[in-house]
Amino acid sequence: MNAPAANLETPDAFRASLRAWLEEHFPASLRGHPRLLGGHDTLHGPAEDHARWKAAMADAGYGAPRWPVAYGGAGLNSQQADILAEELEHIGAFSPIAGLGLMMLGPTLLEYGTEEQKLRHLPPIARGELSWCQGFSEPGAGSDLASLRLRCDDAGDHWLLNGQKIWTSYAHLADWCFCLVRTDTSVKHLGISFLLIDMRTPGIEARPIKLINGVSHFCETFFNDVRVPKDGLVGEVNHGWTIAKRLLQHERSGLSAQRGAKAKTQDLAELAGRFLPADETDLRGRLADHLLQDHAYRLTLERRAAEAEAGMAPSTPLSVLKNIGSDVAQARAELAVELAGLNSLGWAGEPYSPLELELTSQWLYSKCYSIYGGSYEVQNNITARRELGLPA
């Protein structure tokens, strides 16, 4: 059966049609997965069912539900997109299409890309056919990102890149990279350009960095005489900083949404049911406080989304949300391992269950939440300067 049309007259009609579509296309073997994912990119359930589910979601445009149909999306309005999320959650389903291209680059290209760039890059992102990495941070250019030095010279019919990036998530696996480069060394912010780079180009080397939880999705990435076609430039030369700031807003918004995922809170409640003694009043009280904070945070995310849809100025800045989200997610991870006790100490193998092993991984991985996407301190500085009017 075809996916529900975006032009159905009423939300109830769309919901009913969507439920029938999900019943037909979502494999029962994948129900409830993935849930706790702390960095181990493993599939839960038969691989062929994942492939079938991904193809169905891609064909319907539900990988990027609010993008225009011409760019691979479903053309849904915000209410319909919310209904889709609700119905997926209701049946224990998930979107099999994700990544940095979907969360960050896609929305940025919709705003700043040429029509040719949109038609070339957005449909594969919406279908989950190509993966992207983010080439922003460098050694010496992390919190002060505008100090980046990856040199990009105009070589006539192409750009020539030389330099290094670091903390490049999934660079060793990515097909493409959206990258900030230095096109003018005489100025700081106004000497930066925004470039799209094919990661198969000769001269690119990505070296994974092992993290504290044993996974290696961060990389240091080297560019040695890398030739990039001129049409890889997004926007104008030396005006990439404006595009980068907009992309970082999408990143922080996406990270905030992940921190407020209801399924992760449900996992915490499940752990409490399994491990929390009835007479453990201190931990029970801290768990209740966390659940209240988490619920208030998710309501704030919903309010901000409604404000954006109505064209209103957001009442809660993204930098504030990003920091609160980091607090919530780190507290959740700490409570999870505390609830599980000795069951959370596993690293591999028996007698630990996959969920218990994931708790350890997620707890260790959660330490980076207040660093990546703009550190806690950087977000506070942005809030102080932009929202409170304090001197820089």
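Throughout, numbering of the chain's residues begins at 1 and tracks the sequence.
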Worksheet item: At their closest point, which heavy atom of Leu190 faces which heavy atom of Val187, and how far apart are they?
Response: C-CG2, 3.5 Å

Worksheet item: Just by distance, with hydrogens left out, do Glu115 and Tyr71 show a side-chain donor and acceptor under 3.5 Å apart?
Response: yes

Discussion item. Using a 3.5 Å distance criterion without hydrogens, assess whether the side chain of Asn323 forms a donor-acceptor pair with backbone atoms of Tyr376.
Written reply: yes

Worksheet entry | Side-chain (Thr383) to main-chain (Gln379) donor-acceptor, under 3.5 angstrom | yes

Practice prompt. Check whether more than 12 heavy atoms from other residues, nucleotides or ligands sit under 6.0 Å from atom CH2 of Trp176, and answer yes or no.
Written response: yes

Fill in: Ring geometry between His50 and Phe94 (parallel below 30°, tilted from 30 to 60°, perpendicular above 60°)
tilted

Discussion item. Before we go on, tell me: are the rings of Tyr62 and His25 under 6.0 Å apart, centre to centre?
Written reply: no

Discussion item. To check you understand the geometry: which heavy-atom pair defines the closest contact between Met199 and Ala174, and what is its length?
Written reply: CB-O, 3.5 Å

Worksheet item: Between CG of Asn380 and NZ of Lys322, what distance do you get to the nearest 0.5 Å?
Response: 10.5 Å

Worksheet item: Between Val226 and Pro202, what is the shortest heavy-atom contact and its length?
Response: CG2-O, 3.8 Å

Discussion item. According to ring-ring contact (aromatic ring centres under 6.0 Å, His included), who are the partners of His189, at least two apart in sequence or on a separate chain?
Written reply: Trp241

Discussion item. Heavy-atom count check: over 12 atoms from other residues, nucleotides or ligands less than 6.0 Å from Arg284 CZ?
Written reply: yes

Discussion item. Looking at Leu292, I'd like to know if its CG atom is crowded, meaning that more than 12 non-hydrogen atoms belonging to other residues, nucleotides or ligands lie closer than 6.0 Å.
Written reply: yes

Worksheet item: How would you list, by chain and number, every residue that makes a ring-ring contact (aromatic ring centres under 6.0 Å, His included) with Tyr112, sequence neighbours excluded?
Response: none

Fill in: Side-chain donor/acceptor of His290 to backbone N/O of Ala288, under 3.5 Å
no

Discussion item. Under a 3.5 Å distance rule, please check whether Arg151 uses its side chain to pair with a backbone N or O of Gly163 as donor and acceptor.
Written reply: no

Worksheet item: For Gln117 and Arg120, does a side-chain donor sit closer than 3.5 Å to a side-chain acceptor?
Response: no

Fill in: Euclidean distance, Arg200 CZ relative to Asp198 CG, rounded to 0.5 Å
4.0 Å

Worksheet entry | Heavy-atom closest pair, residues Ser319 and Ile382 | OG-CG2, 3.4 Å

Worksheet, complete the sentence: Glu387 and Pro317 have their tightest heavy-atom pair at CD-CG, 3.4 Å

Item to complete: For the residue pair Leu161 and Val228, establish whether any side-chain heavy-atom pair is separated by less than 4.5 Å.
Response: yes

Worksheet entry | Intermediate values then yes/no, side chain to side chain contact (heavy atoms under 4.5 Å, CB included), Leu105 and Leu196 | CA-CA 10 Å; Leu105 178 65; Leu196 307 180; 4.0 Å; yes

Worksheet item: Under 30°, 30 to 60°, or over 60°: which ring-plane class applies to Trp53 and Phe26, parallel, tilted or perpendicular?
Response: perpendicular

Fill in: Non-hydrogen atoms of Ser193 and Asn238 that approach each other most closely
OG-N, 2.8 Å

Discussion item. Tell me whether the rings of Trp132 and Phe178 are parallel (<30°), tilted (30 to 60°) or perpendicular (>60°).
Written reply: tilted

Worksheet item: Got a sec, which residues hit salt bridge (charged side-chain N to carboxylate O under 4.0 Å, His left out) with Glu86, two or more places apart in sequence or on another chain?
Response: Arg15

Worksheet entry | Close side-chain approach of Arg127 to Asp59, heavy-atom, < 4.5 Å | yes

Discussion item. Has Gln330 got a side-chain atom pairing as donor or acceptor with Ser366's backbone, closer than 3.5 angstrom?
Written reply: yes

Worksheet item: Judged by atom type as modelled, is there a donor-acceptor pair below 3.5 Å linking the side chain of Lys165 to the main-chain atoms of Phe136?
Response: yes

Solution key, residues 274-283 side-chain donor-acceptor pairs under 3.5 Å, sequence neighbours excluded:
| unit_1 | atom_1 | unit_2 | atom_2 | d |
| --- | --- | --- | --- | --- |
| Arg274 | NH2 | Glu356 | OE2 | 3.3 |
| Glu280 | OE2 | Leu283 | N | 3.4 |
| Asp282 | OD2 | Arg286 | NE | 3.2 |
| Asp282 | OD2 | Arg286 | NH2 | 3.1 |

Response to the item:
Across all chains, not counting sequence neighbours, the side chain to side chain contact (heavy atoms under 4.5 Å, CB included) partners of Arg303 are Thr300, Glu307, Ser315, Thr316

Discussion item. Is it the case that over 12 heavy atoms from other parts of the model lie below 6.0 angstrom from the CD atom of Glu111?
Written reply: yes

Item to complete: Taking the side chain as every heavy atom from C-beta outward, state whether Lys54 and Ile97 have any atom pair closer than 4.5 Å.
Response: yes

Item to complete: Sequence neighbours left out, what passes salt bridge (charged side-chain N to carboxylate O under 4.0 Å, His left out) with Glu236? Give chain and number order.
Response: none

Discussion item. Determine whether Leu321 and Leu301 satisfy the following criterion, side chain to side chain contact (heavy atoms under 4.5 Å, CB included), listing intermediate values before the conclusion.
Written reply: CA-CA 8 Å; Leu321 280 177; Leu301 292 178; 3.9 Å; yes

Fill in: Derivation of the side chain to side chain contact (heavy atoms under 4.5 Å, CB included) call for Ile166 and Glu220
CA-CA 4 Å; Ile166 199 165; Glu220 51 182 348; 4.1 Å; yes

Discussion item. Do Ile204 and Ile197 make a side-chain contact, defined as non-hydrogen atoms from C-beta onward lying under 4.5 Å apart?
Written reply: yes

Fill in: Distance (rounded to the nearest 0.5 Å) between Tyr170 OH and Leu100 CG
8.0 Å

Worksheet item: Taking side chain as C-beta onward, heavy atoms only, is Ile212 less than 4.5 Å from Lys367?
Response: no

Practice prompt. Determine whether Thr360 and Leu345 make a side-chain contact, defined as any pair of heavy atoms from C-beta on separated by less than 4.5 Å.
Written response: no

Discussion item. Keeping Asp153 on the side-chain end and Ala155 on the backbone end, is there a donor-acceptor pair under 3.5 Å?
Written reply: no

Worksheet item: When rounded to the nearest 0.5 angstrom, what distance separates OG in Ser29 from CD in Glu48?
Response: 7.5 Å

Worksheet item: Looking only at atom types and distance, does a side-chain atom of Gln80 sit under 3.5 Å from a main-chain N or O of Asn77, one as donor and one as acceptor?
Response: yes

Worksheet item: Out of curiosity, Ser131 OG to Leu102 CG, how far, rounded to the nearest 0.5 Å?
Response: 12.5 Å

Practice prompt. Might you work through the side chain to side chain contact (heavy atoms under 4.5 Å, CB included) test for Arg66 and Ser78, ending with a clear yes or no?
Written response: CA-CA 7 Å; Arg66 296 193 61 188; Ser78 61; 3.7 Å; yes

Worksheet item: Quick one: are Arg182 and Ile192 in side-chain contact, heavy atoms under 4.5 Å?
Response: yes

Worksheet item: Taking C-beta and beyond as the side chain, do Trp159 and Lys230 meet within less than 4.5 Å on heavy atoms?
Response: yes

Worksheet item: For the residue pair Tyr369 and Tyr365, does the interplanar ring angle fall in the parallel (under 30°), tilted (30 to 60°) or perpendicular (over 60°) class?
Response: perpendicular

